[in-house]
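Excluded from the calculations below are hydrogen atoms, water molecules and symmetry mates; all remaining heavy atoms, backbone and side chain alike, are included. This chain uses plain numbering: 1 for the first residue, then up along the sequence. Worth saying up front: this structure is predicted, and the values here are computed from it rather than measured.
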Amino acid sequence: MADQVISDWIQSTNGRKRFDALALVDRFRIQAATFRLARLETELQVRVDPEAPYELAKVRRILERLQGGP
């Protein structure tokens with residue numbers, strides 16, 4: 001149940017909640033979040049706010065780790 005709630009936070013408009021969700025997904029390798037991460041990655045590619053490139057890089061690192069990367 002917790003994995004689902006954390007996955008939902010990934011799509012939050014609240015940046016702090018999203019930050020926490022990404023940290024938890026990365027730390028505990030929450031596979032259930034993969035779909036939401038991929039969706040967020042797509043959204044971040046078109047966003048123009050100053051933090052978007054950094055958040056995009058973080059999301060890509062997490063996705064790589066979840067898919068068996070370093």
Side-chain angles (χ1 to χ4, degrees):
M1 183 72 168
D3 287 358
Q4 184 59 44
V5 171
I6 294 167
S7 294
D8 289 345
W9 289 355
I10 291 171
Q11 294 300 138
S12 175
T13 57
N14 181 322
R16 291 177 186 171
K17 193 177 274 191
R18 232 178 17 260
F19 177 86
D20 290 344
L22 293 174
L24 290 167
V25 167
D26 191 29
R27 170 70 172 93
F28 296 107
R29 312 280 177 154
I30 300 173
Q31 293 291 325
T34 303
F35 174 76
R36 299 277 178 120
L37 286 170
R39 225 164 100 183
L40 179 59
E41 178 185 28
T42 301
E43 291 172 17
L44 288 167
Q45 290 174 3
V46 295
R47 278 191 10 208
V48 294
D49 49 297
E51 64 273 356
Y54 303 102
E55 192 170 355
L56 178 59
K58 183 189 301 186
V59 167
R60 286 179 171 164
R61 278 193 310 270
I62 294 169
L63 278 169
E64 184 179 326
R65 287 183 190 140
L66 289 177
Q67 295 168 351

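Contact record, R36 with S7: CG-O, 3.6 Å, taken as the closest heavy-atom pair.
Put simply, CZ on R29 and CZ on R65 are 6.0 Å apart, with the number rounded to the nearest 0.5 Å. Interatomic distance, CZ of R18 versus CD of E55, reported as 4.5 Å (0.5 Å rounding). Here the straight-line distance linking atom CD of Q4 with atom CE of M1 works out to 8.0 Å at 0.5 Å rounding.
A distance-only check finds no donor-acceptor pair linking the side chain of S12 to the backbone of D8 [under 3.5 Å].
Under the side-chain hydrogen bond (donor to acceptor under 3.5 Å, both in side chains) criterion, E51 pairs with no residue at all, not counting sequence neighbours. Looking at residues two or more places apart in sequence or on another chain, you find no salt bridge (charged side-chain N to carboxylate O under 4.0 Å, His left out) involving D20.
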Subject >> From CA spacing to verdict: side chain to side chain contact (heavy atoms under 4.5 Å, CB included), K58, Y54 >> reply: CA-CA 6 Å; K58 183 189 301 186; Y54 303 102; over 6 Å; no
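As a member of the Ile/Leu/Val/Met/Phe/Trp/Tyr network built from side-chain separations under 4.5 Å, F28 groups with V5, I6, W9, I10, L22, L24, V25, I30, L37, L40, L44, L56, V59, I62, L63, L66.
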